[in-house]
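Sharing a structure, written as structure tokens. Questions coming.
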Amino acid sequence: MIKTAICFTGNGKEVIEKLNKAYAQKGMEGAGLHMFPGEDSAAPSAEEFVRSEFERGHALIFTGACGIAVRLISGCVRDKLTDSPVIVIDDAGSYVIPILSGHAGGANKLAVTIASLIGAIPVITTSTDVNGAFSADVFAAENGLRIRNRDGIRKVSAKAIEGKSVTISVKDYPPADPVDIIIADETDSEYSLLLSPRSYVIGVGTRKGIDADIFERNVMSTIQGAGITIDEVYALATIDIKEKEPAIREFTGRYRIPLITFEADVLKRCKGNFTSSGFVEETVGVDNVCERAAILAAGCGSKLIVPKTAGDGVTVSVAKRRQG
């Protein structure tokens, strides 16, 4: 998760510097620090900057008053399942408060982590958390499942908060009685909440320094051409030397997709009929990255349903995971 910190005072800046130092000591990536107003008069305003970062799916960490953060993100908020996580830390570094996308975006977990790193108190307000109850959307996010009927989240959460048991079933092994949550591939209105496995893995290869917009456009056009929506995608896969490529990190961060990488020698051992490229082999040590990475990440029994497509310095393929 790419983290962007926004502060307005010297004290706020010190809080983020303390946080980043703690992240570094743990060998973890910190937050990009941006202070407003800045010295560059040509730089974007705080409103413009926040809008841009929010749309890119970055986690926003504000130091200052909650009201400032609320006003800055007010025009960005759209959907609880896709909104960027937003956190506020007071200028004294005493409290860490997730104010948006606590569950689906992981703001609650991030707040707890930040609080532990700077010696602050996390202030969690989501009902399931404060009541110690089961959270359906957290369960879905942690297990890589797609939420098919969002209204079911409220129904299941209300039951959990009341202290009632929540039952979960996998379609192949249904219980005798109706359940609250079913994990299945098709819609079934009998159940309160339908969760489905994310069936596809996108394999990618790219030239170094590819523009993030070009990368995203090529990936999205490929999957859309195959009739696949981004919320059906389980992971993005590539070779390990591309792990820190900015365009790849931007894409996986924006769409909250795990990134799986493989060494060249591992990719070579993947069996199948793949589109071979002598140039690619000479450059990275294996004749094909996108197809091999997609199959390996999709796992045993997977099938390549979109072969290598190339354009603008990006190669894309898609594999479908075996279900059941």
#### Entry: Steps toward salt bridge (charged side-chain N to carboxylate O under 4.0 Å, His left out) verdict (K109, E142)
CA-CA 12 Å; K109 283 191 172 183; E142 290 181 342; 2.4 Å; yes
### Test: E53 and R56 ion pair at under 4.0 Å
yes
### Message
Please determine whether the number of non-hydrogen atoms from other residues, nucleotides or ligands lying under 6.0 Å from atom OH of Y255 exceeds 12.
### Response
yes
### Task
Check the angle between the aromatic planes of F8 and F62 and answer parallel, tilted or perpendicular using the 30° and 60° thresholds.
parallel
### Task
Return yes if a side-chain donor-acceptor contact under 3.5 Å exists between T275 and N288, otherwise no.
no
### Message
Would K3 and Y23 count as a cation-pi pair here, with the cationic atom under 6.0 angstrom from the ring centre and within 45° of the axis?
### Response
yes
### Task
Identify the two heavy atoms, one from A294 and one from A237, that lie closest to each other, and give their separation to 0.1 Å.
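Shortest heavy-atom separation between A294 and A237 comes out as N-CB, 4.3 Å.
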### Query
If you take all heavy atoms of E232 and G227, which pair is closest and at what distance?
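Answer, listing the atom of E232 first, then G227: OE1-O, 4.1 Å.
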### Query
Any side-chain heavy atom of V284 sitting closer than 4.5 Å to one from L267?
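No, every pair of side-chain atoms sits at 4.5 Å or beyond.
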### Task
Give a yes or no on whether a salt bridge exists between E245 and K208, defined as a side-chain N under 4.0 angstrom from a carboxylate O.
no
#### Entry: T315 (side chain) donor-acceptor with G205 (main chain) under 3.5 angstrom
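Here the side-chain-to-backbone pair exists.
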### Query
More than 12 non-hydrogen atoms from neighbouring residues, nucleotides or ligands closer than 6.0 Å to NZ on K159, yes or no?
yes
### Message
Quick check with a 6.0 Å cut-off and a 45 degree axis cone: is R321 positioned over the face of Y234's six-membered ring?
### Response
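Here R321 passes the 6.0 Å and 45° test against Y234.
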### Message
I'd like to know if E29 and R249 make a salt bridge, using a cut-off of under 4.0 Å between side-chain N and carboxylate O.
### Response
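Answer for the salt bridge query: yes.
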### Query
For atom NZ of K320, is the number of surrounding heavy atoms from other residues, nucleotides or ligands below 6.0 Å larger than 12?
no
### Query
Got a salt bridge between D287 and K268, using NZ or NE/NH1/NH2 to carboxylate O under 4.0 Å?
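Salt bridge flag = no for K268 with D287.
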### Chi angles and distances behind the salt bridge (charged side-chain N to carboxylate O under 4.0 Å, His left out) call for E55, R254
CA-CA 8 Å; E55 290 174 353; R254 172 174 289 185; over 6 Å; no
### Query
Is the backbone of C290 close enough, under 3.5 Å, to the side chain of S317 for a donor and an acceptor to pair up by distance?
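Pair found, side chain donor or acceptor close to backbone of C290.
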### Message
Any salt bridge linking D231 with R198? Criterion: basic side-chain nitrogen under 4.0 Å from a carboxylate oxygen.
### Response
no
### Query
Is D79 atom CG crowded by more than 12 heavy atoms from other residues, nucleotides or ligands, each under 6.0 Å away?
yes
#### Entry: For the student: nearest non-hydrogen atoms of A226 and V306, plus distance
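Residues A226 and V306, closest heavy atoms: CB-CG2, 3.7 Å.
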### Message
Just by distance, no angles: are the side chains of N108 and T126 close enough, under 3.5 Å, to form a donor-acceptor pair?
### Response
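Yes, T126 and N108 have a side-chain donor paired with an acceptor closer than 3.5 Å.
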### Other residues, nucleotides, ligands: >12 heavy atoms within 6.0 Å of Q224 CD
yes
